[in-house]
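As the structure lists them, so they are numbered: ligands from 1, and atoms in each ligand from 1. Source: prediction; values computed, not measured.
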Amino acid sequence: MTSPQARPPIEKIAVLIPTYNERENISLIVARLRAAVPEADVLVLDDNSPDGTGAVADQLAAADTQVRVLHRTSKEGLGAAYLAGFEWALERGYDVLVEMDADGSHQPEQLPTLLRALANADVALGSRWVPGGSVVNWPLHRKALSRGGNIYVRVLLGMPIGDATGGFRAYRASALRTLDLHDVASVGYCFQVDLVWRVIRAGLRVVEVPITFVERTIGDSKMSQDIVNESLRSITVWGLRYRLGQVRSLLHREPRWHRLGG
Ligand SMILES: Nc1nc2c(ncn2[C@@H]2O[C@H](COP(=O)(O)OP(=O)(O)O)[C@@H](O)[C@H]2O)c(=O)[nH]1
Ligand SMILES: [Mg+2]
């Protein structure tokens, strides 16, 4: 990883909010965000939600020039929505791209801390599983899935990251530009692991910032068995490839004998 030297100041911030059936949540989260970080622009990434979230987002955009909506034709998963959002924001010269859920689990009031962490980092991850981080009202099976998933990620990919699956993060645009995002195939939530894995391999500097994740009180989670399966499959494939590469380079290295003692 690169050194913790100071990075350029941040001027333009885009907060990307993916939505699928978040009709009641979207106004609340946008209002909280606009109050917490007034300088940030908001881009809602709606996958043609059947509940009319897109129309509510359009109303918000009509009332506030700092709110925009990207209407996508169908539900294609979190990863595809974020990739479209990245492209939109990178084309428009934003310095920082933030990922944030619409359901209130990620608290906009904690965004200033994430942004401050970018003073000497390329990517700031909001983390539930580092000291000071926490989850509120999550059922035991979700906690177990998240903790277990993160342990699996660490064992297979060897990344020194406490929470690689979280979705409240801030990327410097310069960091995303160094990554080749064209071959990102992750559809569901393993998109988050995919991205942090790419960031680490690119030698970019990542910091984790403790956050309090609060389970939604309105609407339903879109987490599904398919999403879990995709994550498990992808992380296993990436991990085996990575570990095999390590074994190969060990086998091809000339044995070097070090004399012990003086
Ligand atoms: N655009 C888009 N947003 C999605 C999709 N799946 C989930 N989301 C959004 O991603 C965020 C996190 O989803 P959520 O269901 O709360 O996941 P959980 O917190 O892990 O239970 C929410 O803002 C969802 O509306 C999708 O396929 N497309
Ligand atoms: Mg949620």
Side-chain angles (χ1 to χ4, degrees), residues 14-33 42-58 60 67-89 97-108 110-111 125-129 133-150 153 163-169 184-195 211-232:
V15 180
L16 313 175
I17 306 181
T19 53
Y20 193 74
N21 288 347
E22 304 287 3
R23 188 186 169 84
E24 287 177 69
N25 282 317
I26 190 64
S27 315
L28 299 172
I29 200 70
V30 169
R32 279 175 67 185
L33 178 63
V42 181
L43 179 69
V44 178
L45 307 164
D46 185 60
D47 273 4
N48 202 6
S49 300
D51 75 346
T53 303
V56 177
D58 280 339
L60 299 174
V67 179
R68 316 280 165 75
V69 190
L70 200 67
H71 292 280
R72 299 169 45 73
T73 49
S74 59
K75 187 173 186 332
E76 287 180 17
L78 194 73
Y82 269 133
L83 286 177
F86 287 174
E87 200 178 320
W88 184 97
L97 284 64
V98 174
E99 296 181 359
M100 196 179 84
D101 288 355
D103 60 357
S105 289
H106 301 147
Q107 303 184 73
Q110 297 191 322
L111 181 53
L125 303 178
S127 279
R128 298 158 291 188
W129 309 123
S134 59
V135 293
V136 176
N137 289 340
W138 236 12
L140 196 64
H141 74 274
R142 283 302 303 264
K143 269 192 209 165
L145 191 63
S146 179
R147 296 222 70 153
N150 275 296
V153 165
D163 192 353
T165 57
F168 191 22
R169 14 177 104 170
V184 174
S186 303
V187 174
Y189 301 179
C190 82
F191 175 77
Q192 305 297 10
V193 179
D194 193 342
L195 264 275
I211 58 158
T212 305
F213 177 102
V214 185
E215 178 54 335
R216 63 163 78 230
T217 52
I218 304 171
D220 300 315
S221 168
K222 280 92 210 173
M223 172 61 101
S224 67
Q225 192 59 47
D226 278 355
I227 286 174
V228 175
N229 292 346
E230 184 202 18
S231 300
L232 198 61

Nitrogen or oxygen atoms of D47 and ligand 1 under 3.5 Å apart: yes
Neighbour count >12 (heavy atoms, 6.0 Å) for atom CD, Q110: yes
Atoms of ligand 1, numbered as shown, that sit under 4.0 Å from any heavy atom of D103: 16 (O), 19 (O)
Which of the ligand 1 atoms, numbered from 1, are nearer than 4.0 Å to a heavy atom of A81: 1 (N)
Nearest heavy-atom neighbours spanning A102 and I26: CB-CD1, 4.5 Å
Identity and distance of the protein heavy atom lying nearest atom 9 (C) of ligand 1: P18 O, 3.5 Å
Backbone or side-chain N/O/S of D103 under 2.8 Å of the Mg ion (ligand 2): yes
Min side-chain heavy-atom separation Y82-L45 under 4.5 Å: yes
Close N or O approach (K222, ligand 1; < 3.5 Å): yes
Any donor-acceptor N or O pair under 3.5 Å, side chains R72, T19: no
Ligand-residue contact atoms, ligand 1 with R216, heavy atoms, under 4.0 Å: 14 (P), 15 (O), 16 (O)
Nearest neighbour in protein (non-hydrogen) for atom 17 (O) of ligand 1: Y189 OH, 3.0 Å
S221 N/O under 3.5 Å from ligand 1 N/O: yes
Closest protein heavy atom to atom 27 (O) of ligand 1, given as residue, atom name and distance to 0.1 Å: K75 NZ, 2.8 Å
Ligand-side contact atoms (ligand 1) for residue partner R142, heavy atom cut-off under 4.0 Å: 18 (P), 20 (O), 21 (O)
Contact check: D220 vs ligand 1, nitrogen or oxygen atoms, below 3.5 angstrom: no
Those atoms of ligand 1 less than 4.0 Å from some heavy atom in L45: 1 (N)
G77 N/O under 3.5 Å from ligand 1 N/O: yes
E22: numbered ligand 1 atoms lying under 4.0 Å from its heavy atoms: 22 (C), 23 (O), 24 (C), 25 (O)
